Structure formats: C-alpha cells, structure tokens
Amino acid sequence: IARVNAEVLHVGDRILFKCGETFPGQITPAYSGTIGAWIIYDCYGTGALPIIDGSAASAIYIPVGTGLHHIRFNNLNCSGSLGVNRSVVRLYSHDLYIYNCDIHGSVAKGLDAWNNAGTDIYNITVDTCRAYNNINSGLFIGGETGVDGPYNCLITNCTCYSNGTVDYADHGIYVKFGVTVRGCYCYSNHAAGIKTNDQGVYGSVYLPIVENNRCTLNYWGIYVGQQYSLIRNNLCYENSSTGIEVDETRGTYYYNSCVNNTARAFGIYAFAPVLNIFKNNLVIEDATVHAGYCLRSYLPASIALLAANNTLDYNVYYRDGVAANKIHQHFDTLTGYSMAEWQALGGAPDPHGTLLERRPGFVSPYTDFRPATGGNLIGLAIPLADCLLDAYGVARDLVHSNPGCYETPAPYVPVEYNIDMETGDFTQFTSTIINAGEMTVEAAAAMNATTKGMQVVISGVASVNCGVKSGLLNDRGVHF
C-alpha cells in the first residue's frame, strides 16, 4: 500500500488489488478525480475481496482539509483500526463513493465522515456495504453544528449488524443533518438500528430522511433525535425495546410498520415532543407475542400531551382485539388508554384511526408483512402525495390505500390460451413463467393422447384459481 500511496495518479486512473490477498497498511489518497473521470480503488481476479488490513491505523483515510474529491472505493474488505477515534474508513472530504465494501473490526466506528460544522462533508455515498463488529456505530456521517453540512449524503442498500458496546450511543447507522438512509437492513446492533440526531443544536437547513429500511433485533429499531426528521416506509419489528423512539419535535412519520417490539411500537420520550405528524402507520403489539403497548410515553411526555400537541390520523393499531382494553400507556404512572379513551383526549387524535378486532391480515403473519389481498388492512389509510411508493418501490394504491410500509402483492393475472377442441391443437402452449408478485409460477402443458385434452401443472403457490371459458369442457376434456 505504501507503493500505491506514492504513485502519481491522474484523473480516471484505477488502482486494483488482487482478490484473495491481504494488504497491510492504509490507503491515503493524494489526488482527485473529476465528475466524469473518478480515481477508483478496486479489485481484480477471483475469490474473496482483497483485505485492506488497517489494524495499525485505519484502512482508508482522507484527512480533514485536503479537499480531495471524486474518489471511489469498490469491492474492498476494510478491516481493523487502532487508536482513539480511529475508524476503519475515515472520509473527511466530499464527492466520495464507497461501494460493496466490508467495514469491520474497528476500535471506534466502522465508517466515519465528520466535520464540526459539516464543511466539506457532502456528496458522499455509501452503497451496498456491510458494517459489522465495530466497537461503536457501524456507519456514521455527521457534524456538530450542521451549519455547512453534511448534505446530499446517502447510505443505501447497506447491511449493518453487531455494532456497538455502549447503551444509547452505538448504532448500526448514525446520521446527523443532511443524510438519507434508504433501503438498509440493520439488526443486532447494541442501541438503535438507525439513529438521527442533532444533539439539541437547532437551525440547520440540512435534514435527515430515513426510508424503506428494515430494523430488527436491535434495542431500538429507529431512534429519532433530530428535529424535522422524515421517517417513512420503514419496518421495525422484534426490537428489544422500541420500534421507533421519538425524542424530538416537528418530525414526519408516514407509512411505518412497527410490529411486535418487546416494550412498545412507538416510544414518546423525554420532553413531550410536539408538532410531529403521524399518519398511515401500522402499529402492532400483539399481546400473545409481547406484553408491550402500541404507544408508550414516559417522563414528562404523557399520552394526553402527545394527543394534544401532535397530529395523528389514519394510524392502525392492534394489541388484543378487545375494544375496551388498553392499547397505549404512560409508563411512569402506568395510566392506560383504550382506543375510545385515546380518541376522546384533547386534540382528537386519530379521528380516522382504526383498532383492529383481529390479527392484522398479512400475507404471512409476522414473516411477510405485506397486507393480504382482501384482508383487514385494505383501505384503512389515506393517500399521501409525497409518499407514492412503498418500501419495495411498488406504486401505492391511491383508491384503497393501505397502512404500513408495504403494498399488497401484485395480483395474479390469468393467462388465456385458445384451444381447438376438435383437433386438440394447442401447440402454441408449451410452457410459460408467470410472475405473480414475488412468486414465480411455472406452468407446463402436456398432451394427453387419449383425450386430446390439456394438463396444466402449476407449482410454487398455495392455491390456484383456474377459470375455464364456456364451451371448453366436452368429451375431449380439459384437465387442470
């Protein structure tokens, strides 16, 4: 790596590390690319990704103040770091791209992109990376004041797990100010799967977006500690405390699915957060799975204050299906509220909200969280103009809008074939593959020499609806 660092590089140059090899040291770029000709560090050959062993310092380091830009790191296994605040990957500049890298084994964070005012921390993308087994958070992009950034930063399609050792501090993904976290999977992290935070520093124009993520088996699924956070289309399930913890004001919470988190689906924390908007969320705390509550507030944030000072509507709740039983609770006083008592509070929360009388109609209960066609979740939400796609990128039904982060599976579209019943001629039909939502249906036809009928074998689905046009059933027969 010392030889690589000593090379004079030009725009568009590529530096390739051989797969299956280990390279001790630290990549320290000294040259920039351009928008059309990035400098790229990548791999070649076959086998495991090349290991950049940064255990003596960090694996990749772009220092503060260098202004280096348009540098890309692809397909590298970045391992280890040593020293206080020495993360495996340290990026203190702008216009940087990290793709398909492993980031692990740090004594601090896995990836760290930071500047006090956020200066130079912009146009950074972390894409399809895996951050794990780091002492602190897996991926971190942020600043202290948010005056100059970060902005236009994206963490997408990443998997973060087994990060952190300190309660409340170490997360799978940790962002401050203008960072979008999209389509990530965060599990088994010590604190939150994903956290936004401004640490009480208000006034930044750069705001976080957390969308289309899955968070499970963390302490919190998502912890919201920054004003004006946009939290939408996320699935938070089976976290050991809370699905989504709300600790700030003026946030927007649309179409989130919080399912069977141990203590509460939504937690309302500390100083009575106000002016938040909660719509079209699916809030499930099945009492046969856990003894938690749908909404739970604590310290000064009472359920009554939550109802009076925030906007809540079209949210769907389930706990045990008994209308008179409590679904929300103020933790400190243990005061509980049924759905009717909740809707009667000052502020009239959830005037169009729904309390389910039976378990939510998922495609597969608590494993496939898409609303089942014809189930009890259909049409319980309201269309929202700024959230037209679900977490899979499927267009939302604007007529029968559904709560939570997923739409119903794509409907099965029957395929018709013309069969000449006199001759038994159906030679045009040999086989076809039908994509029905996420299921693949394989249909194969075979000639029956005796009846000149048709036999269709369909596999891969629980049930098949077969329609036959009039006039097709006669002595020659059509067999399904």
Side-chain angles (χ1 to χ4, degrees), residues 102-106 109-111 126 128-140 155-175 181-197 210-225 231 233-247 253 256-267 269 281-296 318-319 359-360 362-370 391-392 404-406:
D102 288 278
I103 302 170
H104 61 102
S106 172
K109 301 178 182 69
L111 179 144
V126 185
T128 318
C129 292
R130 297 155 297 280
Y132 53 93
N133 294 342
N134 298 291
I135 295 296
N136 300 141
S137 296
L139 303 174
F140 171 68
I155 299 173
T156 184
N157 299 321
C158 293
T159 301
C160 299
Y161 62 94
S162 300
N163 296 290
T165 56
V166 179
D167 293 344
Y168 307 103
D170 298 335
H171 318 286
I173 298 174
Y174 184 20
V175 300
V181 182
R182 178 183 299 134
C184 295
Y185 180 33
C186 299
Y187 66 94
S188 299
N189 297 288
H190 196 78
I194 301 170
K195 182 175 181 177
T196 72
N197 199 9
V210 178
E211 60 185 4
N212 307 345
N213 303 288
R214 288 186 299 149
C215 298
T216 186
L217 302 177
N218 310 285
Y219 185 73
W220 301 292
I222 298 173
Y223 191 108
V224 183
I231 313 296
N233 279 348
N234 299 288
L235 172 63
C236 299
Y237 65 104
E238 291 290 351
N239 296 285
S240 63
S241 177
T242 313
I244 298 179
E245 191 84 356
V246 181
D247 191 15
Y253 302 81
N256 298 289
S257 295
C258 292
V259 182
N260 294 340
N261 299 282
T262 302
R264 51 198 167 264
F266 272 86
Y269 183 66
N281 298 290
L282 184 57
V283 188
I284 308 299
E285 284 296 310
D286 190 328
T288 66
V289 179
H290 294 300
Y293 287 84
C294 294
L295 299 182
R296 203 174 200 183
Y318 177 77
R319 190 160 185 258
R359 278 186 168 187
F362 293 126
V363 168
S364 179
Y366 306 146
T367 56
D368 185 336
F369 297 94
R370 294 173 299 168
Y392 285 149
C405 61
Y406 300 127

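Computed from a prediction, not measured in an experiment: that's the story for all the values here. Both backbone and side-chain heavy atoms feed into the values below; hydrogens, waters and symmetry mates do not.
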Roughly how far apart are [X] [atom1] and [Y] [atom2], rounded to 0.5 Å?
| X | Y | atom1 | atom2 | result |
| --- | --- | --- | --- | --- |
| Thr216 | Tyr161 | OG1 | OH | 15.5 Å |
| Ile103 | Leu111 | CD1 | CG | 5.0 Å |
| Cys160 | Tyr187 | SG | OH | 10.0 Å |
| Cys236 | Ile194 | SG | CD1 | 7.5 Å |
| Ile135 | Ser106 | CD1 | OG | 7.5 Å |
| Ile244 | Leu295 | CD1 | CG | 11.0 Å |

>> My understanding is that only one of Thr367, Asn260, Val259, Ile284 makes a side-chain contact (heavy atoms from CB on, under 4.5 Å) with Tyr237; could you say which?
In response: Val259
> Please, which pairs that meet salt bridge (charged side-chain N to carboxylate O under 4.0 Å, His left out) have at least one residue in residues 215-225, sequence neighbours excluded?
Replying inline: none
>> Is the ring pair Tyr174/Phe140 parallel, tilted or perpendicular, if the boundaries are 30 and 60 degrees?
In response: tilted
> Is the NZ or CZ atom of Arg359 both under 6.0 Å from the centre of the six-membered ring of Tyr318 and within 45° of that ring's axis?
Replying inline: no
>> Once side chain to side chain donor-acceptor pair (under 3.5 Å) is applied, do any residues pair with Asn218, and if so which ones, sequence neighbours excluded?
In response: Asn189, Asn239
Quick one: does any side-chain atom of [X] pair with a main-chain N or O of [Y] as donor and acceptor, under 3.5 Å?
| X | Y | answer |
| --- | --- | --- |
| Asn281 | Val283 | no |
| Asp247 | Tyr223 | no |
| Thr156 | Arg182 | yes |
| Arg370 | Ser364 | no |
| Asn256 | Ile231 | yes |
| Glu211 | Ala391 | no |

> Sequence neighbours excluded, which residues qualify as side-chain contact (heavy atoms from CB on, under 4.5 Å) partners of Asp102?
Replying inline: Leu49, Asn77, His104, Arg130, Tyr132
Do you know which two heavy atoms are closest between [X] and [Y], and how far apart they sit?
| X | Y | value |
| --- | --- | --- |
| Gly105 | Asn134 | N-OD1, 3.3 Å |
| Gly404 | Ser257 | CA-OG, 3.2 Å |
| Ala191 | Tyr168 | CB-N, 3.9 Å |
| Asn213 | Val181 | ND2-O, 3.1 Å |
| Asn163 | His171 | CB-O, 4.0 Å |
| Arg264 | Glu285 | C-OE2, 3.8 Å |

>> Could you walk me through whether Glu238 and Val289 satisfy the side chain to side chain contact (heavy atoms under 4.5 Å, CB included) test, starting with their C-alpha distance in whole Å, then the side-chain angles of each, then the deciding distance to 0.1 Å, before giving a yes or no?
In response: CA-CA 10 Å; Glu238 291 290 351; Val289 179; 3.9 Å; yes
> Among Phe362, Tyr392, Phe369, which one satisfies ring-ring contact (aromatic ring centres under 6.0 Å, His included) with Tyr406?
Replying inline: Tyr392
